[in-house]
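So you know, we letter chains A, B, ... as the sequences are listed, proteins then strands, and number each from 1. Both backbone and side-chain heavy atoms feed into the values below; hydrogens, waters and symmetry mates do not.
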Amino acid sequence: MTASTIGAERIGATTAPAKAGTTKGAAKQPGSGAIWKIGTAVIVAYALFPVLWILSLSLKPAADVGDGKLIPTNPSLGNYRDIFTSGEFVRPLINSIGISLITTAIAVVIAAFAAYAIARLDFPGKALLLSGALAIAMFPPVSIIGPLFNIWRATGLYDTWPGLILPYMTFALPLAIWTLAAFFREIPWDLEQAAQVDGATPYQAFRKVILPLALPGVFTSAIIVFIFCWNDFLFAISLTSTEAARTVPAATAFFTASSNFINPTGQIAAAAIVVTVPIIIMVLVFQRRIVAGLTAGAVKG
Amino acid sequence: MAAITMRGITKRYADGTEAVKSVDLDIADGEFVILVGPSGCGKSTLLRMIVGLEDISDGEMRIGDDIVNDRAPKDRDLAMVFQNYALYPHLSVRENMAFPLRLQKVPEAEIMKRVEEAAAVLELTENLDRKPANLSGGQRQRVAMGRAIVRDPKAFLFDEPLSNLDANLRVQMRTEIARIQKKYGTTTVYVTHDQTEAMTLADRVAVLRKGVVQQVDSPRNLYNSPANLFVAGFIGSPSMNLVPGLLTGTSLQLPFGTLELPSDVAQRLGNAQAGERQVIVGIRPEHFEDASMVSDDVKGQGMLFQNRIENIEWLGSELYAYLPYTGGDAIGRQLDQLAGDLDMEQSSGDESQLVARLDAASRVREGEDAEIWLDSRKIHLFDPETGEALARPPVA
Ligand SMILES: Nc1ncnc2c1ncn2[C@@H]1O[C@H](COP(=O)(O)OP(=O)(O)OP(=O)(O)O)[C@@H](O)[C@H]1O
Ligand SMILES: [Mg+2]
């Protein structure tokens, strides 16, 4: 939605001065403007339609699920009530939140130290460390899932929180290190010296000057890491077997309906909406920051 | 407020670079001293050693009566204005200026009073609640100065504070700095490579070359009586003409004529003048004149010569003429080295050029010969080997 309005505004802005310009330009601009608008509308519809469809499904009672209508005839919140009362969803939601938060916290703290060193110090092997981290982040998870499954079975990590937190860290850490290092490089470290001349101890200089400047970066990489963990399906489905550690994306695949003979489509849709909405809100609210963070580091490699 | 005393101050960086070599400098209480020199001569390093951001490899640094070699910056009670201002981007102008006071745990009411006062002096009152990012370059500069003056420190240190400003603003802020330093009377050390700043602001100027102090003197004395070739070439714009000369008795042979040394110069040269001797002669552009503009009684005090005028720059109030001459490369080595240090253009081949500042009313024309007068009383002589000034004119 936001994307289409922004697009429309931008087109308006570019066509307005053009109309005042040469006749040739004026004749050409409105046409391409219309194409732009149609194109934007098509792409937005294409991208949002599945989401709309799921929203619609989540609002349909079980009997209407197969009716093929976008607008539910008998909209109800029954599916939402069901998933929050059945326990099939609540426990995975707790797992999702817990595992994502813990991973984020650990990854960001460790990455902050690493990124600090990378941004400020010259040490042998710095380039190697950075490219190594990147290489790991680029590793296709599918290729390690098999061995991991066996190791986890053998070590007892299978179907536990640490069993998911560990592999998430493998991918979250490089992501966080790259984003944070990019942010830390931007911090004007001279300010630390200015603060010391102004009478600060090194610790005060860090706390009163550097920390406030570093926080937005830390915050951004935390969001990026959190979203990564929250969205994971592959590890979650492969390395868990019960509700002890199963996260929402995996759990929805195992949903059973209240009655054995009814398809749980409605509940799955409701669960999908419940886990998507926080992410959408987060992304919309922190849009600018996340884009800055991604373009600053994570996506560079 | 306090005096700053340096004895044998030396800085060796980890890679072995000696950026500052045994500097002795006495800066009196309330004095405005400027460090100038070409890029990389160690000005910033010296300043950072005073403030404590660089360790002192050797020597003794005193502020007031205390040896501060091993003191952390925060215990030296100095205020520094950085080239990039180093304002805290997350704090408002008010909080930027209050920052040092908060660290000193000054009572809140007192902080606000001092910040308001400083803001009034710096005409920042209306901007107190804005963030540095929303200020113009000149305003940021003022905030940086505000942060320094609220503290009433023992000394102000400036590292090229105006170099990020455009030309107009630079002149304006220069006056501002002069005004504020006068108002507070605080000892000030100021680094610049802009000699106009140095000449207009300083009580005394220290000229550095490759980490060595060449001369410390008032701007006037530096200009009128440079201690060596480097200072002579560095101070003054356009810079001093340096030409080879052959000294025989009291007559000095230049590539474009021969002049008789004035008796006081000859006297000061004393027994240094034995037989024939190579010298480098320094002549400031303003000590040439269009001969037709010089009254007859003064003419006798100088030398007349004919020279072609290659080029003329007429600036309204003054006129620069460029006079080509041959034989300027006779003293190559010292001058080449100097030219390298000063980033001056080197004369190519045989042909060299004099720059002469003539009366704006002069009728000399490009491409024609003209009769030029040179004031022999104002010439400077330098030893071609050491570059030291010979028979320095007495201080005015
Ligand atoms: N950290 C460092 N390690 C090694 N050498 C350094 C270091 N910092 C500066 N130098 C060297 O010390 C010399 C003096 O540097 P400094 O920054 O004091 O010059 P400056 O006079 O301030 O020049 P500018 O006018 O360009 O600012 C230079 O040759 C520089 O290369
Ligand atoms: Mg410098």
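In this structure, no portion of B/Leu157 lies under 4.5 Å from any heavy atom of chain A. Neither the backbone nor the side chain of B/Arg102 comes within contact range of chain A; no heavy atom of the residue lies under 4.5 Å from a heavy atom of that chain. Using a 4.5 Å cut-off between heavy atoms, A/Ala195 touches chain B through backbone and side chain atoms alike. Heavy atoms of B/Asn84 lying under 4.5 Å from chain A belong exclusively to its side chain.
In this structure, B/Met97 CE and A/Asp198 CG are separated by 12.0 Å, a value rounded to the nearest 0.5 Å. Once rounded to the nearest 0.5 Å, the distance linking CD of A/Gln196 with CG of B/Leu103 reads 11.0 Å.
Closest approach of A/Ala194 and B/Arg147 over heavy atoms only: CB-NH2, 4.1 Å.
Counting non-hydrogen atoms of neighbouring residues, nucleotides and ligands closer than 6.0 angstrom, the CG atom of B/Asp55 reaches no more than 12 such neighbours. Counting non-hydrogen atoms of neighbouring residues, nucleotides and ligands closer than 6.0 angstrom, the CZ atom of A/Phe123 exceeds 12 such neighbours. The environment of OH in B/Tyr13 is crowded: more than 12 heavy-atom neighbours from other residues, nucleotides or ligands sit within 6.0 Å. For B/Glu126, the CD atom sits in a loose shell: 12 or fewer heavy atoms of surrounding residues, nucleotides or ligands are nearer than 6.0 Å. In B/Asp65, the CG atom is not crowded: 12 or fewer heavy atoms of neighbouring residues, nucleotides or ligands sit closer than 6.0 Å. Residue A/Lys126 places its NZ atom among more than 12 non-hydrogen atoms of other residues, nucleotides or ligands, all under 6.0 Å distant.
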Step by step, would you call A/Gln193 with B/Met80 a side-chain contact (heavy atoms from CB on, under 4.5 Å)? CA-CA 10 Å; A/Gln193 298 188 338; B/Met80 181 150 168; over 6 Å; no
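Between chain A and the residues B/Ala72, B/Gly52, B/Pro100, the most heavy-atom pairs under 4.5 angstrom are made by B/Pro100.
No side-chain donor-acceptor contact under 3.5 Å links B/Tyr88 to the backbone of A/Lys208.
Screening A/Leu213, A/Leu191, A/Leu211 for a side chain to side chain contact (heavy atoms under 4.5 Å, CB included) with B/His90, the sole residue that qualifies is A/Leu213.
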